[in-house]
Protein chains: 2
Amino acid sequence: MQNSEAMALSAALLAVAGGLVQRIHDGVVARGFEGVRPMHGFAFTRLAPDGATVTDLAVHLGVTKQAASQLVDDLVRKGYAERHPHPVDARARLVVMTERGRACTRAAEEAAAEAVREWSEVLGEAEVRELARMLPRIAPGGPIRPAW
Amino acid sequence: MQNSEAMALSAALLAVAGGLVQRIHDGVVARGFEGVRPMHGFAFTRLAPDGATVTDLAVHLGVTKQAASQLVDDLVRKGYAERHPHPVDARARLVVMTERGRACTRAAEEAAAEAVREWSEVLGEAEVRELARMLPRIAPGGPIRPAW
DNA sequence: TTGGATAGTCAAGTTGCTTGACCATATGGT
DNA sequence: ACCATATGGTCAAGCAACTTGACTATCCAA
């Protein structure tokens with residue numbers, strides 16, 4: 001594969017990713033969740049199972065713990081998360097999602113499903129399933145970092 | 001396809017995109033082009049054919065023309081682009097890439113090819129070709145907007 | 001020729017991150 | 001038991017990449 005073809009593939013991938021983020025964000029806003037930024041969604045995926053500490057979040061998002069702390073401030077102020085005392089470590093605080101936060105993630109899932117449905121109309125469901133099989137195999141494991 | 005599956009597919013796509021941007025950026029830096037940000041690459045793709053005006057760039061990148069102008073300032077200061085008088089419109093200025101700028105895009109293409117080659121090792125070349133066929137069909141046409 | 005649209009820049013404000021400094025609590029070696 | 005060091009978290013200040021607002025120069029159509 002030529003370098004220029006690799007670049008074209010990369011550009012297409014980034015265009016799809018950028019469009020998808022925009023679609024999900026618009027869908028979440030349209031469902032009544034204002035003031036939430038796409039990066040909050042990445043935070044939600046880490047908080048959802050059992051909550052997380054600020055430091056956990058910082059590692060997951062690939063930012064400093066100060067930045068993660070500010071992000072949590074924002075989520076708390078907007079009613080999406082709460083800080084609780086940590087059950088076993090008095091230094092730490094466990095950040096957990098509120099019901100409103102969980103509702104917001106459901107809205108994001110619905111919006112994502114809408115976008116994927118449109119892909120199915122173009123590619124067919126079989127190919128979308130193939131996408132869903134291929135992408136996780138080449139996804140890096142590290143922090144979710146926009147980085148551009 | 002369930003909503004949660006759509007979300008998992010989305011997450012995988014965004015992880016791949018984030019990793020790819022990081023890979024390309026690292027590769028460009030490793031080839032000796034410092035102080036260049038990923039967004040500059042998107043600007044290069046618009047400048048490469050015949051140059052572009054600041055307003056063209058702003059539309060392409062999805063930012064204000066002031067932001068585009070600042071970005072061009074930066075590219076000029078770092079030797080990747082030059083401002084020339086526009087051949088037919090005395091208000092406008094044509095921004096064109098320097099040889100160093102073109103060398104930088106070649107470095108980005110090499111880095112992209114490296115990343116894609118690693119995908120081939122995991123998925124096989126046939127599936128990567130299939131990716132290259134599918135993604136452009138679902139890529140939105142609008143501005144290249146990171147948006148998160 | 002003149003009034004409004006367009007290309008571009010300058011200046012100031014906002015925001016989301018960073019680095020640096022600091023306190024509280026945990027942990028492990030002696 | 002005690003202290004040195006590591007770790008979790010926050011406060012404060014700074015920075016970089018955008019934004020909005022205001023302005024000049026040029027184009028173009030009535």
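Just so we're on the same page: letters track the sequence lines, and every chain starts at 1. Quick note: numbers below take in every heavy atom, side chains included, and nothing from hydrogens, waters or symmetry partners.
In this structure, A:Phe42 atom CZ and C:dC17 atom P are separated by 12 Å, rounded to whole Å. D:dT10 atom P lies 11 Å from atom CG of A:Leu57, rounded to whole Å. Distance A:Leu61 CG to C:dG16 P: 14 Å, rounded to the nearest Å. Rounded to an integer number of Å, the gap from NE2 of A:His84 to P of D:dG9 is 14 Å. Straight-line distance from the CZ atom of A:Arg37 to the C1' atom of D:dC18: 13 Å, rounded to whole Å. Note: NZ (A:Lys65) to C1' (C:dC17) measures 16 Å, nearest angstrom. Across the protein-nucleic acid pair, A:His60 atom NE2 and D:dG8 atom C1' stand 19 Å apart, rounded to whole Å. Rounded to an integer number of Å, the gap from B:Lys78 NZ to D:dA16 C1' is 11 Å.
When the side-chain nitrogen and oxygen atoms of B:Ser69 are compared with OP1 and OP2 of C:dG8, none of them lie within a distance under 4.0 Å. Dashed line: the shortest gap from a side-chain N or O of A:Thr55 to OP1 or OP2 of D:dG9 is under 4.0 Å.
Of the charged side-chain nitrogens involved, at least one lies within less than 4.0 Å of a carboxylate oxygen, so that A:Arg129 and A:Glu125 count as a salt-bridged pair. A salt bridge is defined here as a Lys NZ or Arg NE, NH1 or NH2 lying under 4.0 Å from an Asp or Glu carboxylate O, and B:Arg77 with B:Asp73 fails to meet this definition.
Of the listed nucleotides (D:dT26, D:dC18, D:dG9), D:dT26 has the atom at the smallest distance from the side chain of B:Ala90. For B:Arg93, counting side-chain heavy atoms from C-beta on, the closest listed nucleotide (D:dG9, D:dT19, C:dT9) is C:dT9.
You'll find a donor-acceptor pair under 3.5 Å spanning the side chain of B:Gln70 and the base of D:dT19, going by distance alone. Scanning atom types as modelled, one donor and one acceptor separated by under 3.5 angstrom connect the side chain of A:Gln66 and the base of C:dG20.
Cluster membership check: B:Leu57 does not share its hydrophobic cluster with B:Val96, using side-chain heavy-atom separations under 4.5 Å among Ile, Leu, Val, Met, Phe, Trp and Tyr. Under the 4.5 Å side-chain contact rule for hydrophobic residues, B:Phe44 and B:Leu94 do not share a cluster. Note on B:Val36 and B:Val63: same hydrophobic cluster, where clusters join Ile, Leu, Val, Met, Phe, Trp and Tyr whose side-chain heavy atoms are under 4.5 Å apart, directly or indirectly.
Residue B:Thr64 is classed as a base contact, given a heavy-atom separation below 4.0 Å to a base. Note on A:Ala67: a base of the nucleic acid sits closer than 4.0 angstrom, heavy atoms only. Looking at heavy-atom distances under 4.0 Å, A:Thr53 makes contact with sugar-phosphate atoms alone, never a base.
Under the 3.5 Å distance criterion, the side-chain polar atoms of B:Ser10 are matched with a main-chain donor or acceptor of B:Ala6.
Of the residues near DNA chain D, A:Arg91 and A:Asp73, the one whose nearest nucleotide (by heavy atom distance) lies more toward the 5' end is A:Arg91. Nearer to the 5' terminus of DNA chain C, by closest-nucleotide assignment, is the contact made by B:Leu94 (compared with the other of A:Ala68 and B:Leu94).
For the 3.5 Å distance criterion, the side chains of B:Asp26 and B:Gln22 qualify, holding a donor opposite an acceptor.
For the helix from C:dT1-D:dA30 to C:dT30-D:dA1, the angle separating the two terminal helix axes comes to 20°, with each axis derived from five pairs and the value rounded to 10°.
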Got a list of side-chain donor-acceptor pairs under 3.5 Å for residues 99-115 of chain A, not counting sequence neighbours?
from     : atom 1 : to       : atom 2 : distance (Å)
A:Glu99  : OE1    : A:Arg102 : NE     : 3.3
A:Glu99  : OE1    : A:Arg102 : NH2    : 3.4
A:Glu99  : OE2    : A:Arg106 : NH2    : 2.9
A:Arg100 : NH2    : A:Tyr80  : OH     : 3.3
A:Arg102 : NH1    : A:Met97  : O      : 3.2
A:Thr105 : OG1    : A:Arg102 : O      : 2.7
A:Glu110 : OE1    : A:Arg31  : NE     : 2.8
A:Glu114 : OE2    : A:Arg31  : NH2    : 3.1

